[in-house]
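Structure record follows, encoded as structure tokens.
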Amino acid sequence: MPLTALHTTASFQALHAHYAAIKDRSLRDLFAPASAPPRFEQFSLKAAGIFLDYAKNNITAETMEHLFALARERQVESRRAAMFAGEKINTTEHRAVLHTALRAPAQPALAIDGQQVSADVHAVLQRIKTFAGALRSGAWLGYSGKPITDIVNIGIGGSDLGPKMVCQALRPYQQAGLHLHFVSNVDGDDMDAVLQQVDPRTTLFVIASKTFTTAETMMNAHSARNWFLQNGVGAQESDLRKHFVAVSTNVEGVTAFGIDPSNMFPFWDWVGGRYSVWSSIGLSVALAVGFDRFSEFLDGAHAMDQHFQSAPLEQNMPVIMALLGIWYRDFFDYRSVSIAPYHQDLGNFPSYLQQLEMESNGKRVALDGSTLEIATCPIIWGNVGTNGQHAYFQLLHQGSDITPVDFIATLSASHQLPGHQAALLANCFAQSEAFMRGKNAEEVQTEMQAKGMSAEQIAALLPHRTFPGNRPSNTLLMDALTPANLGALIALYEHKVFVQGVIWGVNSFDQWGVELGKVLASNILNELTGTPAPQSHDSSTNGLIAMARKAL
Ligand code: F6P
């Protein structure tokens, strides 16, 4: 069914008119009128343990009304119902999208296409629980009779970024003496650096791959297998089952690799790679923090699912965040969003969101195949505060592009070091205030005059020391970085991405764009060593291949 082009819809056009009327109102102005309801109360809400302050955005109540009308016109509510019900909303792959079922209770039971989804999900969770319990207690022994001390998760994309990010975020909950490692890069340095640190007798490899065909993961898995057999004193092929487990949807691939299916933790094609940390792809998380904490993580995400499903659009956190993103991307033409976690353990969260958002909505074709005439996903990037402040925040404050920022912080710390948490939060709040207010010429001049600077000095420095401000941000606060709050935070962004995909009219659940590079790389791999030297590429690629052929 053809989809009405977004830019032709009545609500989009109404937003355009509204944008023209308010685009020159600065955030400072919006905060100014004393008579208006305080923006903090007006534009903030809490759900599933996450508090969102979105007052520092270029919006008025009228803006939000227009944006909610857009969400309604694009049928966000019925599309949301379709996703949760297991309809095949991933139309290019003819698949349901049911990562929400991975964190839902067993009842009410969900079934699709003859599969008892809830029962299958909970059966696998039970297996994860048993395995994690055995490994963490020391009952699961390596081939030499020693317990496991090191877990190496081999995967890439969603089979790496999710478990890696979550394990880091839940660092204080990790079992002492159990060390987690993540290998994703086909660059042998990645695997080599980990193998230097571990002992074959006490290492478990988790081969995590939805398809079990991903070239990088398969090469790393084979290298790990060879290393184990070559370096494990007395290790036999039959010992592999104590040191290699698989997480996948592809039982044939796992068996062909030599992993016993009883050592395989399955999931299903209705789980997208970047939405898979809730599935058995989260095995490394359960091993690191224990099954009870992993369950709390799932429960937190489920709480956000319930909020997303039931809250009216006007009080729906993922919907609000999605709409703000669309407001900036399609009206203000802001092309990137920076993620600034003010929590060291969320250091991998920006990379995680890069895949979640850009692989999902980095699309230029609508569901019906037509080319979109509006911009979609912005570039997502970032790093932990306060490090970013001393690197790229200069551009955020005074650069020629405006980049909305998501500040993410916890009120309490997981450490006991005095003074640090207050300093961290002070920086976080100061940055969002500075982005919003800036510092105008008059303020800078007064400041310099008070310091006794001459008129010439002031005139020369004034433009450099002036901050335009009017740079929007969200602030997300949690009480602490608990498993449940982390689950809710991730689910919040997942649903934000979903709502944006619905409004833009794209399929957020395929990733055909990744394929071209994979095919070309596999062709060039053969050409790097085969004869004759290839001449079929462009001169640049031919030249680079020729140089590598001499070196390899
Ligand atoms: O990069 C493409 C991609 O398919 C991602 O979507 C996915 O998360 C990643 O590769 C890894 O895939 P797999 O889990 O099948 O190895």
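Whatever order the structure lists them in is the order used to number ligands and atoms, beginning at 1. Just so it is clear, the structure is predicted and the values come from calculations on it, not from any experiment.
At least one heavy atom of Gln355 sits less than 4.0 Å from an atom of ligand 1.
Classified by interplanar angle (parallel below 30°, tilted 30° to 60°, perpendicular above 60°), the ring pair Trp268/Trp270 is parallel. Aromatic ring orientation, Trp227 versus Phe205: perpendicular (interplanar angle above 60°, classes split at 30° and 60°). Between Phe84 and His495, the angle of the ring planes lies from 30° to 60°, which puts this pair in the tilted group.
Every atom of ligand 1 is numbered from 1 in the order shown, and the set under 4.0 Å from a heavy atom of Gly158 is 7 (C), 8 (O). Those atoms of ligand 1 that come under 4.0 Å of a heavy atom in Gly157, given as number and element, are 8 (O). Residue-ligand proximity, Ser159 to ligand 1, at heavy-atom distances under 4.0 Å covers atoms 13 (P), 14 (O).
The environment of Arg201 atom CZ is sparse: at most 12 non-hydrogen atoms of other residues, nucleotides or ligands sit within 6.0 angstrom.
Between Thr214 and ligand 1, at least one pair of N/O atoms sits closer than 3.5 Å.
Within the 4.0 Å heavy-atom criterion, both parts of Thr211, backbone and side chain, lie near ligand 1.
The main-chain N or O of Arg136 is found under 3.5 Å from a side-chain atom of Gln175 such that the two form a donor-acceptor pair.
Atom 13 (P) of ligand 1 is flagged as protein-proximal [any protein heavy atom, distance under 4.0 Å].
Counting heavy atoms from C-beta outward, Ser336 and Trp381 have side chains that approach closer than 4.5 Å.
Looking at atom 11 (C) of ligand 1, its nearest protein heavy atom turns out to be Ile156 O, 3.2 Å. Protein heavy atom at the shortest distance from atom 5 (C) of ligand 1 is Glu359 OE1, 3.5 Å.
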